[in-house]
Amino acid sequence: MASGPEIIDVHLHLCRDVNQERLVFPKDGWPDEWYWGNPDAVIPYMNERGVSYVATQNIMDTGRMTEARLARVRAGGASDEEVERVRLDLAEQMRERVRGFNDWACETHAAEPRIIPFVMIDPVLFGEAAVEELDRCIANGAKGVKVHPSICQHMPDHPNMHAVYELLQEVELPILTDSTSRVTNGEQYGMPFNWRPVLSRFPRLRFIMAHFCDQMWDDRLDLSREFTDNLWFDISGGLVDDHHPPGSHSCMPATQAARVFRKVGIERIMFGSDGPGGGSGEDIRDMAAQVMALDLTDREKELILADNARAFLRL
């Protein structure tokens with residue numbers, strides 16, 4: 001391991017290989033050897049930066065992929081009936097793609113235990129079978145669930161998610177969700193307060209609300225006071241400082257972070273990079289340096305960078 005503080009990253013996104021990573025997280029001018037968000041490269045990358053574990057958060061925008069395919073079908077002159085038949089076929093294809101992606105994450109963990117798989121669950125794409133997909137993934141070694149209401153276009157308390165939450169409570173596996181003001185088809189599915197019904201109904205849920213420092217971090221602070229036993233946060237996206245302008249998932253001034261984190265409770269704040277995307281997620285050390293620069297005690301920094309995640313993930 002590298003010298004410096006230990007890091008456990010609870011929120012990044014791995015691709016199957018460098019070819020897929022170039023498509024999903026393109027970096028102008030980067031040679032292949034600079035891409036690190038894939039199993040072949042991530043372990044050496046972690047070793048160089050003192051990262052002991054990462055949790056890969058599975059997400060796939062199947063809705064966007066489906067609409068792109070349907071647009072091509074329409075452009076080819078297909079009738080409405082033909083388009084709907086293609087849509088049905090694509091739905092099963094997309095379910096199979098998600099199943100394969102979830103299997104890959106679990107297989108990657110089996111080969112390298114330092115990569116912790118959070119599998120994708122989509123209550124719209126899978127319908128009532130969403131809980132069956134979770135049950136299947138647990139049997140394959142899943143260690144948590146990733147949901148993204150804005151991408152999958154559902155409210156957090158979607159009826160098909162209730163059985164998912166119940167099963168997660170029963171087996172004591174965590175769930176991590178995006179929480180954002182992003183508008184999708186006129187709806188703001190993932191806003192922090194939209195999770196209140198879920199947190200109220202499932203008090204034993206081990207729930208990580210991602211991107212604490214994004215817009216509406218004051219709402220996340222309010223929720224932290226209301227739900228003291230089943231709500232944790234990651235800080236993926238980073239803070240705003242002289243070197244990091246406001247951006248995706250980054251709105252909180254670094255000068256305010258120590259004060260706000262202590263209001264939540266330092267023990268409920270976990271490090272996440274959201275890598276290997278843009279901004280601070282391009283290099284985990286960059287965002288870790290933001291934590292190290294905060295007006296916190298050494299022990300508080302250790303908790304955020306690694307020890308809170310170690311306890312939460314039961315490593």
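Model, not experiment: these values are computed from the prediction. The first residue in the sequence is number 1, and the count goes up from there.
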Exercise for review: Take Trp104 and Leu14 through the test side chain to side chain contact (heavy atoms under 4.5 Å, CB included) and record every step on the way to the result.
Suggested key: CA-CA 10 Å; Trp104 167 80; Leu14 294 184; 3.9 Å; yes
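- The nearest pair of heavy atoms linking Pro197 to Asp157 is CB-OD2, 4.0 Å.
- Follow the hydrophobic side-chain contacts under 4.5 Å out from Val131 and you reach Leu173 in the same cluster.
- Taking every heavy atom of both residues into account, Met209 and Leu223 meet most closely at CE-CD1, 3.9 Å.
- The main-chain N or O of Leu303 is found under 3.5 Å from a side-chain atom of Asn308 such that the two form a donor-acceptor pair.
- Hydrophobic clustering, with ILVMFWY side chains joined whenever heavy atoms are under 4.5 angstrom apart, groups Val260 together with Ile304.
- A donor-acceptor pair is defined here as one N or O able to donate and one able to accept, closer than 3.5 Å; no such pair exists between the side chain of Ser236 and the backbone of His11.
- For the residue pair Arg97 / Thr62, no side-chain donor-acceptor distance below 3.5 Å is found, with atom types taken as modelled.
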Practice item. Would you sort out whether Ile115 and Glu112 count as a side chain to side chain contact (heavy atoms under 4.5 Å, CB included), showing the intermediate values? Key: CA-CA 6 Å; Ile115 300 173; Glu112 179 43 76; 4.1 Å; yes
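- A donor-acceptor pair shorter than 3.5 Å cannot be found between the side chains of His109 and Arg114.
- Ring centroids of Phe207 and Trp232 are separated by 6.0 Å or more, keeping the two rings apart.
- Proximity of a side-chain donor or acceptor of Glu300 to a complementary backbone N or O of Thr297 within less than 3.5 Å is detected.
- One hydrophobic cluster, built from ILVMFWY side chains closer than 4.5 Å, cannot hold both Ile43 and Val18; they sit in different ones.
- Between the side chain of Gln290 and the main chain of Leu239, a donor-acceptor pair closer than 3.5 Å is present.
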**Study point:** Stepwise side chain to side chain contact (heavy atoms under 4.5 Å, CB included) test for Phe212 and Met252
**Key:** CA-CA 9 Å; Phe212 182 82; Met252 183 185 294; 3.4 Å; yes
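- Using a distance-only test at 3.5 Å, with no hydrogens or angles considered, no donor-acceptor pair links the side chain of Asn58 to the main chain of Met120.
- Both Val145 and Met94 belong to a single network of hydrophobic side chains, linked directly or stepwise wherever heavy atoms of I, L, V, M, F, W or Y lie under 4.5 Å apart.
- In summary, Arg310 and Glu6 engage in a salt bridge, as defined by a charged side-chain N under 4.0 Å from a carboxylate O.
- A side-chain donor-acceptor contact under 3.5 Å links His148 to the backbone of Ile151.
- Side-chain N or O atoms of Arg95 include one that pairs as donor or acceptor with a backbone N or O of Leu125 at under 3.5 Å.
- Tracing side-chain contacts under 4.5 Å through hydrophobic residues (I, L, V, M, F, W, Y), one never reaches Phe126 starting from Val124; they form parts of separate clusters.
- Both the sub-6.0 Å distance and the 45° axial angle are satisfied by Arg49 relative to the ring of Tyr45.
- Side chain to side chain, Glu21 and Asn38 meet the donor-acceptor criterion of an N or O pair below 3.5 Å.
- Side chains of Asp286 and His244: a donor-acceptor N/O pair is present below 3.5 angstrom, by distance only.
- Side chains of Asp307 and Glu267 form no contact here, defined as non-hydrogen atoms less than 4.5 Å apart.
- Ion pair Arg204/Asp229 not flagged as a salt bridge, since none of the NZ, NE, NH1 or NH2 atoms sits closer than 4.0 Å to an Asp/Glu carboxylate oxygen.
- Using modelled atom types, one side-chain atom of Asn230 and one backbone atom of Leu199 make a donor-acceptor pair closer than 3.5 Å.
- Side chain to side chain, Asn102 and Glu133 meet the donor-acceptor criterion of an N or O pair below 3.5 Å.
- Cluster partners of Val86, using a side-chain heavy-atom cutoff of under 4.5 Å among ILVMFWY residues and allowing indirect links, are Leu70, Val73, Val83, Leu90.
- For the side chain to side chain donor-acceptor pair (under 3.5 Å) condition, the pairs that include at least one residue of residues 189-200, sequence neighbours left out, are Arg196-Glu226.
- Proximity of Leu205 to Ile175: side-chain heavy atoms (C-beta onward) are separated by under 4.5 Å at one or more points.
- At least one donor-acceptor pair closer than 3.5 Å links the side chain of Arg220 to the backbone N or O of Ser179.
- Side-chain contact between Ile7 and Ile284 is present, with at least one heavy-atom pair separated by less than 4.5 Å.
- Geometrically, Arg268 does not engage Phe233 in a cation-pi contact defined by less than 6.0 Å to the ring centre and at most 45° from the axis.
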Practice item. Go through the steps for Thr66 and Arg87 under the test side-chain hydrogen bond (donor to acceptor under 3.5 Å, both in side chains), then give the verdict. Key: CA-CA 7 Å; Thr66 296; Arg87 186 186 297 276; over 6 Å; no
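- At distances below 3.5 Å, not a single donor-acceptor pair connects side-chain atoms of Glu170 with backbone N or O atoms of Glu166.
- For the residue pair His13/Asp274, the side-chain donor-acceptor check at 3.5 Å is satisfied.
- A salt bridge is absent between Glu67 and Arg64; no separation between the charged side-chain nitrogens and carboxylate oxygens falls under 4.0 Å.
- Here the side chains of Ile121 and Met161 are in contact, with some heavy-atom distance below 4.5 Å.
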